[in-house]
Amino acid sequence: SPLLGSVIMALGKVNMIAEAGELFGFMGIAGCKSNTYVYNCFITVLSEAGFLDDAHVIYMQMCDTKNCQPDLVTFNILIDKFGKAGRFAEAFYYLEALKHKGIEPDVKTYTSLIGSLSMAGKVDQAYEMFHSIREKRHLVNLVTHTELIKGLGRAGKIDSAMALFREMKVLSFDPDVATYNVLIDSLVKRGGFEDGHKLLEEMERNGLTPNHRTFNSLISGLAKVNKLDAADGLYKLMLQKGVVPNFYTYANLIGSFCRGGQVARACELFKEMEAYYDVKSSENGCSHVEESGLLGSEGIAVVHNVFLKGLVEASMIKEAYAHFKQMHERGCPPDLISFTTIFGALGKAGELKRASFLFQMMKDADIKPDLVAYNALLANLGKIRKLKEVRDLVNEMVSAGLNPD
RNA sequence: GCAUUAGCCCUGUU
């Protein structure tokens with residue numbers, strides 16, 4: 001069973017959900033005793049892939065068993081995933097069910113809920129929950145505080161975020177790099193670069209080493225107020241300090257330079273990234289490790305897409321299209337977002353035939369259009385009254401199981 | 001005993 005569980009998890013990580021389900025089916029037979037651990041692994045896989053209702057079905061199956069009743073881990077997974085999806089009725093139902101079974105929620109249960117609530121724009125409710133448990137020291141920790149500081153900061157309640165930041169220090173929950181990062185991010189996203197920078201100095205005084213995320217936030221803050229040279233300077237500084245940039249770094253910089261009309265510098269950075277990426281991958285074969293600052297091919301795809309969008313916004317559709325066509329040979333085949341960016345731009349520019357052609361090409365490449373992709377095409381078809389095409393497309397999306405909005 | 005659950009940075013339509 002320990003093996004079964006970890007294989008199920010591994011399959012989930014590479015999105016082989018059907019296969020994970022097949023293996024899960026072996027539990028209880030073939031000499032494999034059912035246990036809660038394997039159930040929990042499968043519930044994790046399903047819910048991380050977005051199959052929340054299926055995860056719930058498995059939970060119900062557990063409830064019907066004799067030896068595999070849902071435990072705290074089961075509930076924590078479900079509460080976290082339903083909460084992050086904004087399905088609070090269910091999340092709170094699980095919280096009640098858990099208490100009803102006589103299980104005590106733990107710090108992860110509450111931290112998840114506080115995080116989900118604040119990301120859904122319900123910071124007040126998150127704060128209320130925090131308030132109701134903060135006296136019980138075992139129910140809150142560093143992560144709980146960081147989560148709430150993030151929520152308050154994102155909601156623009158910087159003063160409350162700073163207040164909580166001071167309070168946690170008094171309570172000896174020592175802020176770590178992530179805590180500083182969420183605060184710095186909130187500050188600079190609202191134009192408070194100077195305050196963010198002060199926090200950077202403070203964290204260094206406290207013996208904490210800023211990481212690539214710290215720099216990414218600071219860079220995006222500078223870019224937001226169009227201080228591109230300063231952003232570039234910070235990028236160089238992070239390299240100097242030996243902090244490894246990741247694809248977020250490049251996405252930030254490249255997008256900003258395009259928007260600021262400095263497409264040449266954006267191209268330069270793009271090449272720099274590709275060179276950097278090549279070197280790093282050959283240095284240690286499998287270096288797509290998030291902690292080192294590198295990301296896998298999904299990360300590269302994001303940078304390509306940001307670049308495409310940047311070129312489009314700089315009215316360089318020809319160049320965007322040229323780059324789009326190069327993506328394949330650059331080892332990064334265009335994905336749904338690349339296609340949508342390009343045919344959206346072509347459509348907007350009145351090139352509807354080419355837009356429709358690309359839309360078809362995308363489907364031929366077995367990439368399923370989603371709601372956004374249909375909308376991007378429909379908006380432009382609608383503008384020039386191609387009502388028959390509009391009707392056909394709407395029918396198509398409905399039969400694909402999408403709900404037109 | 002071991003394994004499964006919480007926090008920080010990026011992209012497409014309106």
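These numbers come from the heavy atoms of this one structure, side chains and all, not from hydrogens, waters or symmetry mates. All chains are named by letter (A, B, ...) in the order of the sequence lines, taking the proteins before the strands, and each is independently numbered beginning at 1. Keep in mind it's a predicted model, so treat the numbers as computed, not measured.
- Between F130(A) and H145(A), the distance separating the two ring centers is shorter than 6.0 angstrom.
- Taking every side-chain heavy atom of D80(A) into account, U5(B) is the closest of G12(B), U5(B), C9(B).
- Phosphate proximity of U4(B) to K81(A): absent, as no side-chain N or O sits under 4.0 Å from OP1 or OP2.
- Between the CG atom of L371(A) and the C1' atom of U14(B) there is a distance of 10 Å, given to the nearest Å.
- When distances run from any side-chain atom of V73(A) to the nucleotides A6(B), U5(B), C8(B), the shortest one goes to U5(B).
- You'll find the ring centres of H56(A) and Y59(A) inside the 6.0 Å limit.
- Nearest to the side chain of E147(A), among A6(B), U13(B), U5(B), sits A6(B).
- Counting non-hydrogen atoms under 4.0 angstrom, S220(A) reaches nothing in the nucleic acid.
- Within 4.0 Å (heavy atoms only), N380(A) reaches no atom of the nucleic acid at all.
- Comparing atom distances between the A251(A) side chain and each of C10(B), G7(B), G12(B) picks out C10(B) as nearest.
- Listed pair K84(A) / G7(B) meets the phosphate criterion, a side-chain N or O lying under 4.0 Å from OP1 or OP2.
- The phosphate of U11(B) (OP1 or OP2) has no side-chain N or O of R259(A) nearer than 4.0 angstrom.
- Put simply, CG on L46(A) is 14 Å from P on U5(B), counting in whole angstrom units.
- When the nucleotides C8(B), A6(B), A3(B) are ranked by their closest atom to the side chain of R213(A), C8(B) comes out on top.
- Taking atom CG on D176(A) and atom P on C9(B), their separation rounds to 14 Å, with Å as the unit.
- Atom CD1 of I337(A) is separated from atom C1' of G12(B) by 5 Å (rounded to the nearest Å).
- The side chain of A178(A) approaches G7(B) more closely than any other nucleotide in the set G7(B), C9(B), U11(B).
- Looking at F247(A), F270(A), F324(A) one by one, the single match for ring-ring contact (aromatic ring centres under 6.0 Å, His included) with H304(A) turns out to be F270(A).
- Crowding of K368(A) atom NZ: a count of heavy atoms from other residues, nucleotides or ligands under 6.0 Å not exceeding 12.
- Not one side-chain nitrogen or oxygen of K309(A) sits closer than 4.0 Å to the OP1 or OP2 atom of U11(B).
- S112(A) comes within 4.0 angstrom of the backbone, heavy atoms only, and of no base.
- Spacing between atom OH of Y250(A) and atom P of U11(B) amounts to 18 Å, rounded to whole angstrom units.
- For the pair K150(A) and A6(B), the criterion of a side-chain N or O lying under 4.0 Å from OP1 or OP2 is not met.
- Using a 4.0 Å heavy-atom distance criterion, T179(A) is classed as a base contact.
- Heavy atoms of D405(A) sit nowhere under 4.0 angstrom from any nucleic acid atom.
- The CG-P distance, from L142(A) to G7(B), rounds to 13 Å in whole Å.
- Side-chain atoms of T341(A) lie closest to G12(B) of the nucleotides G12(B), C8(B), U5(B).
- The side chain of V306(A) has U11(B) as its nearest neighbour among U5(B), U13(B), U11(B).
- Within 4.0 Å (heavy atoms only), N141(A) reaches at least one base atom of the nucleic acid.
- By the 6.0 Å contact criterion, NZ on K227(A) is open, its count of non-hydrogen atoms from other residues, nucleotides or ligands being 12 or less.
- Separating the CG atom of N216(A) from the C1' atom of C8(B) is a distance of 11 Å, rounded to the nearest angstrom.
- Across N141(A), T146(A), V140(A), a single residue satisfies side-chain contact (heavy atoms from CB on, under 4.5 Å) together with V143(A), and that is N141(A).
- Atom CD1 in I114(A) sits roughly 14 Å away from atom P in C8(B) (whole-Å rounding).
- Salt bridge present: E202(A) and K169(A) bring a charged side-chain N and a carboxylate O closer than 4.0 Å.
- Nearest to the side-chain atoms of V372(A) among the listed nucleotides C10(B), U13(B), C8(B) stands U13(B).
- Residue contacts shown for I79(A) are absent, as no nucleic acid heavy atom lies under 4.0 Å away.
- Between G12(B), C8(B), A6(B), one nucleotide has an atom nearer to the side chain of V182(A) than all others, and that is C8(B).
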